[in-house]
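Here's the structure we're looking at; comments come further down.
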Number of protein chains: 2
Amino acid sequence: MGVTPPIWLLPEAPRRQRGLDRDGIVRAAIALGDEGGADAVTMRAVATAVGSSTPMSLYRYVHNRDGLVDLMLDAAMAEVDVPAEPGADWRADVLAVARSSWAMTGRHPWFAELVHSRPPAGPNSLRKQEFLLAVFEKAGVALPTARGFAQLVDGHVLGSALQQAEERKMWRANDFRSIDDVKAVAEQWFDAGHAATLYPRITQLFTSMMSADAVPESPDEQFELGLACLLDGIAQRI
Amino acid sequence: MGVTPPIWLLPEAPRRQRGLDRDGIVRAAIALGDEGGADAVTMRAVATAVGSSTPMSLYRYVHNRDGLVDLMLDAAMAEVDVPAEPGADWRADVLAVARSSWAMTGRHPWFAELVHSRPPAGPNSLRKQEFLLAVFEKAGVALPTARGFAQLVDGHVLGSALQQAEERKMWRANDFRSIDDVKAVAEQWFDAGHAATLYPRITQLFTSMMSADAVPESPDEQFELGLACLLDGIAQRI
DNA sequence: ACCTCCTTGTGTACATCGTACAGTGCGTGT
DNA sequence: ACACGCACTGTACGATGTACACAAGGAGGT
C-alpha cells in the first residue's frame, strides 16, 4: 500500500559483506567479554564487532548463543597449559594446571560467569580433565576417587574465578575507578552503629579495611591458600 | 479518534486487590524458585502468583528485582542453623554450619544461581559470617586469617551448590525424568570412538557410569569430601 | 557469454524480560 | 459527606535471543 517513492529517495542497498567465519566471530566475542564481562557478549554486539549489520549473520556459523558460548569457553580452555604426561610429583602437576587455569580466568573474567551455564564438554576441557585423572592415577588413586579429587580442584579454581568476576562486575557496574570509590560506597551500605554490636568481628575487619593504609586483600593469595589446603587434604587421602 | 463503544461491550473494570505485602511476595518468589529454578522467578510470574494482574504491583514493596532477590537470599540464609556462641570444637562448629548451609541450598536450588549476582550483605548472611569468624578466632586464629578460612568454607558450599543447581537445571531444561534419560542423551554427545584414544580415563569413567548397575555419584559425598579436605588443610595451619 | 542455483548475508518481526510513567479506585481521615 | 492520598493497574519502551523470508553475488553448466 502506498506509492513507491522515487529511487533517489530510497537508500542504496548496503554493500554486502563476505568472509565471516567462526574463528573471527569467536575472537570478537572473546574480546568483547574481556573488556565488558559476560553481559557485554550479546549477539548484536558481536555482530557489529565483526562488521555485520545484523545479529542473524552469526547464526550460520555458531548456530545460536549457546553454541557461541561453548566455542568461547573452549577457546579459553585452550590457553591452559596441560602437559602431555604426568610428571614425577603429582602435587606439582596439579598445582601447575590449577595455576594456569587461574591465570586464564584472570585474563577472561567472563569465563567463570559463562562456564556455569553450559556443560563442560569441549575438547580442551576434556584434555585438562584427562590429565588430572592421569596425575592422580599415577599417584596410586583409583579412578573414581581421582575424579572426585579432580573435581575438587576444578571447583576451587572456578569458585575463586567466579568471585573475582563478581567483583570486577561490581566495579564496572558502579564505575569504580580506584579502591577509594569502593570504600566510599561500602561506607554507605554498612551502618556501623547498628552492626558494631551485632557483628563485632565483621565490623573490625571492615574498619581495618577502610583505614587508609590497609593492604588490599589479594584474590591470588586467597586462591593459593584454598588450593594449598585442598591439596593438603588430598595428600592425606592418598 | 474512534467512537467509544457501548459500555456493555467494554469489559468491566477488574476487581481491585488489597493486602499485598513484602513477606507474601518473597514467599511466593521463593516457592516459584524452589520449583522452577532461578529462571522461573520473573516479576510477572511472582505477580500472578500473589494474585496481581501486573508486575508493577510488586515494585512498591520490593523496589526492583534486585531488591526481591536480596530478600529471597536473606530469607533462605535465615534457614541456616547458626549457634549463638562457638562451641568447644572448632571443626565441629564449622562442619555443622557448612552442612546446614548445604542442606539449605539443596532445598533452594535457586540460591546458588542468584547469590552470585548480589553482594552478600543481608543480616542473616552477616550473622553466619560473624559466627564463623568467632569460631576460628576462638581456635586461636588472627582475624584476617580467619576471614580467609571462612571464605574458603563458604566458597566450597556455594561452589558445590552451584554445581548441583546446574545439574537440576539441565534436568528441567531437557525434561529428564530418570537417570536413564540422562544416559540416553549423554551417549549421543559422547562420541566414544573418537574419545577412547584421546581420553581413555574419561572414557572409562563414562562407560562405567553408563553401565546398568552403576552407582550414581552423589553430590553429598562430593560435598563432604571437599569439606573434609579443606578442614584438614585448615587444621594444619592452626 | 548467459542462465541458473546455492551459498551467505540482510531485514523485519515476535516473545520475553525488567521497569518507567501516568492514571484510577478504594479506604480513610476530617 | 467529601476530598485526599495510598495502593494497585494498564500501557508502553528498550533490550535480548532468534525464526522466517528475502536478496545479492559467486559458481557451475551449457
Side-chain angles (χ1 to χ4, degrees), chain A residues 1-2 4 7 10-26 28-29 32-33 36-72 110 113-114 117-118 172-173, chain B residues 1-2 4-5 7 10-26 28-29 32-33 36-72 110 113-114 117-118 169 172-173:
Chain A
M1 64 184 70
T4 48
I7 324 95
L10 293 176
E12 191 176 359
R15 205 85 215 113
R16 286 245 162 177
Q17 187 192 10
R18 280 281 157 144
L20 289 191
D21 68 334
R22 173 176 285 194
D23 226 58
I25 291 170
V26 173
L32 240 28
D39 292 343
V41 184
T42 75
M43 297 305 270
R44 282 171 174 83
V46 176
T48 66
V50 295
S52 180
S53 68
T54 165
M56 291 317 291
S57 318
L58 311 178
Y59 281 76
R60 185 175 310 277
Y61 296 94
V62 298
H63 197 69
N64 57 23
R65 198 188 123 96
D66 281 350
L68 175 57
V69 169
D70 283 341
L71 291 169
M72 292 172 70
W110 46 269
E113 301 178 67
L114 293 180
S117 71
R118 306 287 312 154
R172 258 197 312 273
Chain B
M1 60 184 72
T4 48
I7 323 97
L10 294 175
E12 190 178 358
R15 204 87 215 109
R16 286 240 161 180
Q17 187 192 11
R18 279 282 156 145
L20 289 191
D21 68 334
R22 175 177 283 194
D23 226 58
I25 291 171
V26 173
L32 241 28
D39 292 342
V41 184
T42 74
M43 298 304 271
R44 283 171 173 81
V46 175
T48 67
V50 296
S52 179
S53 67
T54 165
M56 290 317 290
S57 317
L58 310 178
Y59 281 76
R60 184 174 310 275
Y61 297 95
V62 298
H63 197 71
N64 58 22
R65 198 189 125 96
D66 280 351
L68 175 57
V69 169
D70 283 341
L71 290 169
M72 292 173 69
W110 46 268
E113 300 178 67
L114 293 180
S117 71
R118 306 288 311 154
K169 186 153 76 176
R172 258 197 313 272

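Throughout, protein chains are lettered first and strands after them, A, B, ... in sequence-line order, and every chain is numbered starting at 1.
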Whole-Å distance separating the [atom1] atom of [X] from the [atom2] atom of [N]:
X	N	atom1	atom2	value
B:Arg60	D:dG5	CZ	C1'	10 Å
B:Leu58	C:dA20	CG	P	13 Å
B:Leu68	C:dC17	CG	C1'	14 Å
A:Asp39	C:dC17	CG	C1'	14 Å
B:Met43	D:dA15	CE	P	20 Å

So, does [X] get its side chain near the phosphate of [N], meaning an N or O under 4.0 Å from OP1 or OP2?
X	N	value
B:Thr54	D:dC8	no
A:Tyr61	C:dT8	no
B:Ser53	D:dC8	no

Any donor and acceptor pair, going by atom type alone, linking the side chain of [X] with main-chain N or O of [Y] inside 3.5 Å?
X	Y	result
B:Arg172	B:Gly36	yes
B:Tyr61	B:Ile25	no
B:Arg65	B:Val41	yes

Among [options], the nucleotide that comes nearest once only the side chain of [X] is considered:
X	options	answer
B:Asn64	C:dT10, C:dT19, C:dG9	C:dT19
B:Met56	D:dC8, D:dT11, D:dG17	D:dT11
A:Ser57	C:dT10, D:dT16, D:dT18	C:dT10
B:Thr42	D:dG10, C:dG18, C:dT10	C:dG18

**Study point:** 4.5 Å side-chain heavy-atom contact, A:Ser57 and A:Leu20
**Key:**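 A side-chain contact under 4.5 Å exists here.
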Practice item. Check whether any side-chain heavy atom of A:Leu58 sits under 4.5 Å from a side-chain heavy atom of A:Val50, and report yes or no. Key: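 Of all side-chain heavy-atom pairs linking A:Val50 with A:Leu58, at least one is under 4.5 Å.
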Exercise for review: Please work out if B:Arg65 contacts a base, only the sugar-phosphate, or nothing of the nucleic acid, heavy-atom cut-off 4.0 Å.
Suggested key: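 The answer is sugar-phosphate, as B:Arg65 gets under 4.0 Å only of primed atoms, P, OP1 or OP2.
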**Study point:** Under 3.5 Å donor-acceptor pair, B:Arg44 side-chain atoms to C:dT19 base atoms
**Key:**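 It does, because a donor-acceptor pair links the side chain of B:Arg44 to the base of C:dT19 below 3.5 Å.
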